[in-house]
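For reference, the structure discussed in these notes is given below.
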2 protein chains.
Amino acid sequence: MQKDIDSKLNAKNIKPTAMRQLVLQVLTKQSTAISLPELENKFEKADKATLYRTLKTFEKNKLIHSIDDGTGSIKYALCKDSCECHPDDLHVHFLCTHCNQTYCLNDISVPNINLPSSFSLESVNMVVKGICSVCSK
Amino acid sequence: MQKDIDSKLNAKNIKPTAMRQLVLQVLTKQSTAISLPELENKFEKADKATLYRTLKTFEKNKLIHSIDDGTGSIKYALCKDSCECHPDDLHVHFLCTHCNQTYCLNDISVPNINLPSSFSLESVNMVVKGICSVCSK
DNA sequence: ATAATCTTTGCAACCCAGTTGCATGAACTT
DNA sequence: AAGTTCATGCAACTGGGTTGCAAAGATTAT
Ligand SMILES: [Mn+2]
Ligand SMILES: [Mn+2]
Ligand SMILES: [Zn+2]
Ligand SMILES: [Zn+2]
């Protein structure tokens, strides 16, 4: 729904340009995280830099979050409505070594870690690798 | 000790060439993980490709392990003697956002995760970001 | 409405870590 | 000594990410 798209953009204070609407549409359809190169391929003809800056804008305004799954390209996924990208919102990600898809395990929050003394914690990146439910059939 | 260097290489079935001795020396002196570009800088004049292949050999033979801390360059650190790079040997890594150093927290093993059904686990990458003990003084 | 200003877009160029091909050189085998 | 295997050095390339800059579009002030 175009309405939903625009209101989501508005809710995060992002001006709803044509490009941004299209990108958000792709992200919404997506059930797994997507990288910039993958996003490029979803369009017949689109400029990498524009898509790049669109993703950066989305990320800055907390519409999406980025995931470094170690594959060499950063992936992006929609934040939950409730998400503020605070430490509390951190969840585990899963990379399937078979299909290369990256899943947000939104229900699995990153476990607490007791750091050595005088180490302070800012954020945690936790990526589990294995075989996803689709590929394990 | 040159003796130690060679015996370590031998123990992992790596032929002790001059280059490999030098690289292992650097790695041994190092208290934090080091990247390929950083390793390059430790030498007056050394070929990137050779260093690259040296690291790959070391990693394949489980003398070192690699760490993707999200900074854009893979870092490498010596394995503990006991390490076989099995899931059991997995430990947490710490990236200081101030000095950009990456630490092996060898004593902190990666916590267990209960994956959704029909997801299977192969390995886990867990990187904690924050301020290290040196920088928090 | 027009002009001035700010934002977004498209294109090209660049950066940099990582990687590969290939030829030379060193070290073992026969 | 000749042949084979392995290691090294150099150069070239890849691919994701990033930036400069000018044109186009949208917003605001006059
Ligand atoms: Mn996620
Ligand atoms: Mn480590
Ligand atoms: Zn899969
Ligand atoms: Zn530090």
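First the proteins, then the strands, lettered A, B, ... as listed; each starts at 1. Please read these numbers as outputs of a predicted model, since none were measured by experiment.
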**Message:** Please report the distance, rounded to the nearest Å, between CD in Glu59(B) and P in dG18(C).
**Reply:** 11 Å

**Prompt:** Can you tell me if Asn125(A) uses its side chain to pair, donor with acceptor, with the backbone of Asp68(A) under 3.5 Å?
**Reply:** yes

**Sub-4.5 Å side-chain heavy-atom contact between Leu24(B) and Pro16(B)** = no

**Request:** Could you state the atom-to-atom distance from CG of Asn13(A) to P of dT7(C) in whole Å?
**Result:** 14 Å

**Prompt:** Whole-Å distance between dA7(D) C1' and Lys60(B) NZ?
**Reply:** 13 Å

**Request:** Could you state the atom-to-atom distance from CG of Leu51(B) to C1' of dC16(C) in whole Å?
**Result:** 16 Å

**Item:** Summary of protein contacts for nucleotides 8-18 of chain D, nucleotide by nucleotide, where a base hit scores B, a sugar-phosphate-only hit scores S (4.0 Å, heavy atoms)
**Value:** BBBB----SBB

**Heavy-atom side-chain contact between Leu51(A) and Leu36(A) under 4.5 Å** = yes

**Complete:** Asn41(B) atom CG is separated from dA17(C) atom C1', nearest whole Å, by 13 Å

**Request:** Sort out for me which residue in Lys75(A), His93(A), Lys129(A) forms a side-chain hydrogen bond (donor to acceptor under 3.5 Å, both in side chains) with Thr102(A).
**Result:** Lys75(A)

**Message:** Strictly under 4.0 angstrom, non-hydrogen atoms only: write out the protein contact profile of nucleotides 23-30 of chain C, one letter per nucleotide from the 5' end, B, S or -.
**Reply:** --------

**Item:** Interatomic distance, Ile14(B) CD1 vs dA7(D) P [rounded to whole Å]
**Value:** 10 Å

**Asked** Sub-3.5 Å donor-acceptor pair from the side chain of Lys12(B) to the main-chain atoms of Lys62(B), do we have one?
**Response** yes

**Prompt:** Starting at CZ of Phe58(A) and ending at P of dT8(C), how long is that distance when rounded to a whole Å?
**Reply:** 11 Å

**Prompt:** Which of these, Lys8(A), Lys60(A), Arg20(A), sits in a side-chain contact (heavy atoms from CB on, under 4.5 Å) with Ile14(A)?
**Reply:** Arg20(A)

**Asked** Quick one: does Asp69(B)'s side chain have a donor or acceptor within less than 3.5 Å of a partner on Thr71(B)'s backbone?
**Response** yes

**Message:** I'd like to know whether CG of Asn112(A) has more than 12 heavy-atom contacts from other residues, nucleotides or ligands below 6.0 angstrom.
**Reply:** no

